[in-house]
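Everything on this sheet refers to the single structure shown next.
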Amino acid sequence: MADQPIGIFDSGVGGLTVANAICKLLPHENTVYFGDTTHLPYGDKSSEAVKAFSLRIADFLIEKNCKMIVIACNTASAAAYNALNLHIQNKALLINVIDPMVNYLEQTHAQQRIGIIATKGTIGSKVYERKLHERHISEVKSLATPLLVHLIEEGFSGHPGCQLLVNEYLSNPALNEIEVLVLACTHYPIIKNLIEEYYEGRTSVLDSTIITAKATQAALANAQLLNNSSTPGLHQFYVSDYTPAFETIAHLFYGDKIKLEQSKIWKSE
Ligand code: DGL
């Protein structure tokens with residue numbers, strides 16, 4: 001049914017960048033957000049662990065009656081998309097953040113030298129290289145930049161140390177001569193200004209927020225599940241472990257109107 005919510009998940013606040021873009025593009029959609037703060041960061045965990053977390057979260061979102069699940073996390077998209085597809089079958093639509101970006105790169109940046117920054121899990125999976133090579137795009141360089149997620153989750157994105165770390169990572173020779181940089185972690189749009197400041201316009205910086213929101217819109221339209229109601233959507237936010245930093249960042253995106261709920265989906269741990 002069209003008025004069922006869209007479920008969106010990530011390890012923490014990063015997926016809020018995608019959720020926010022979805023809410024702006026589709027203001028009548030209801031959403032349920034799940035931040036798995038108990039297991040953050042996903043990028044340092046094994047792909048088996050991330051897969052297991054993702055399957056349980058998908059069950060939670062289906063229990064919440066979601067018509068679609070958006071994996072608003074590159075690390076979980078890399079580790080768990082295929083398993084989630086099998087697991088949820090026709091109970092909900094499923095999209096990840098990687099395929100919309102790969103489609104976009106193929107359409108708009110195929111002739112350019114592409115750089116990817118992401119978590120250790122995403123870079124280790126080589127998922128971007130593989131999918132881009134399938135589209136005959138081979139000039140791809142990548143670098144794991146794991147410390148950025150910690151700074152963002154701790155609310156340090158405005159601290160001068162964060163710019164220093166960004167500069168240190170981006171000056172790594174692994175990213176030499178790139179013409180476009182993909183922020184392949186949904187946390188990174190929160191510090192996109194620092195990344196753009198480093199490049200001073202020499203390199204375009206892409207993130208998956210609007211691209212994924214458009215893919216969400218297209219998938220819902222295709223399944224005739226777009227919510228055509230005239231009232232603004234309702235948004236629910238769950239975390240597996242309450243952290244003040246999550247609440248602060250969620251308020252930055254959604255204002256004071258959000259109510260954060262703790263969900264004990266990992267009761268047996
Ligand atoms: N935001 C996530 C991603 O896009 C995960 C960050 C983490 O938990 O390591 O990969």
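For ligands, and for the atoms within them, numbers begin at 1 and follow the listed sequence. What's counted below: heavy atoms across the whole structure, side chains too, no hydrogens, waters or symmetry copies.
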Q) Looking at Glu48 and Lys51, does any basic side-chain N land under 4.0 Å from a carboxylate oxygen? A) yes

Q) Is it the side chain (CB and beyond), the backbone, both or neither of Thr119 that lies under 4.0 Å from ligand 1, heavy atoms counted? A) side chain

Q) Near Asp10, which atoms of ligand 1 are under 4.0 Å from a heavy atom of that residue? A) 1 (N), 2 (C), 5 (C)

Q. Does Asn30 use its side chain to pair, donor to acceptor, with the backbone of Gln4 at less than 3.5 Å?
A. no

Q. For atom 9 (O) of ligand 1, what is the nearest protein heavy atom, given as residue, atom name and distance?
A. Gly43 N, 2.8 Å

**Q.** Residue part near ligand 1, for Val149, under 4.0 Å between non-hydrogen atoms
**A.** side chain

Q. Is the number of heavy atoms from other residues, nucleotides or ligands within 6.0 Å of CZ (Phe156) greater than 12?
A. no

Q: Write out the residue and atom name of the closest protein heavy atom to atom 10 (O) of ligand 1, then the distance separating them to 0.1 Å.
A: Thr75 OG1, 2.6 Å

Q. Would you say the side-chain atoms of Lys214 and Tyr104 include a donor-acceptor pair closer than 3.5 Å?
A. no

Q) In the protein, which heavy atom is nearest to atom 3 (C) of ligand 1, and how far is it? A) Asn74 N, 3.3 Å

Q) Side chains of Tyr128 and Asn74: donor-acceptor distance under 3.5 Å anywhere? A) yes

(Q) Looking at ligand 1, would Cys73 count as a contact under a 4.0 Å heavy-atom criterion? (A) yes

**Q.** Greater than 12 external heavy atoms within 6.0 Å of Glu261's CD
**A.** yes

Q. Looking only at side chains, do Glu29 and Asn227 share a donor and an acceptor under 3.5 Å apart?
A. no

Q) Which of the atoms of ligand 1 are close to Ser11, meaning less than 4.0 Å from one of its heavy atoms? A) 5 (C), 6 (C), 7 (C), 8 (O)

(Q) Using a 3.5 Å cut-off on N or O atoms only, is Asp44 in polar contact with ligand 1? (A) no

Q) Considering distance alone, does some N or O of Cys185 sit under 3.5 Å from an N or O of ligand 1? A) no

(Q) Can you confirm, on distance only, whether ligand 1 has an N/O atom lying under 3.5 Å from any N/O atom belonging to Tyr42? (A) yes

Q) Do Thr145 and Tyr188 have a side chain donor and acceptor closer than 3.5 Å? A) yes

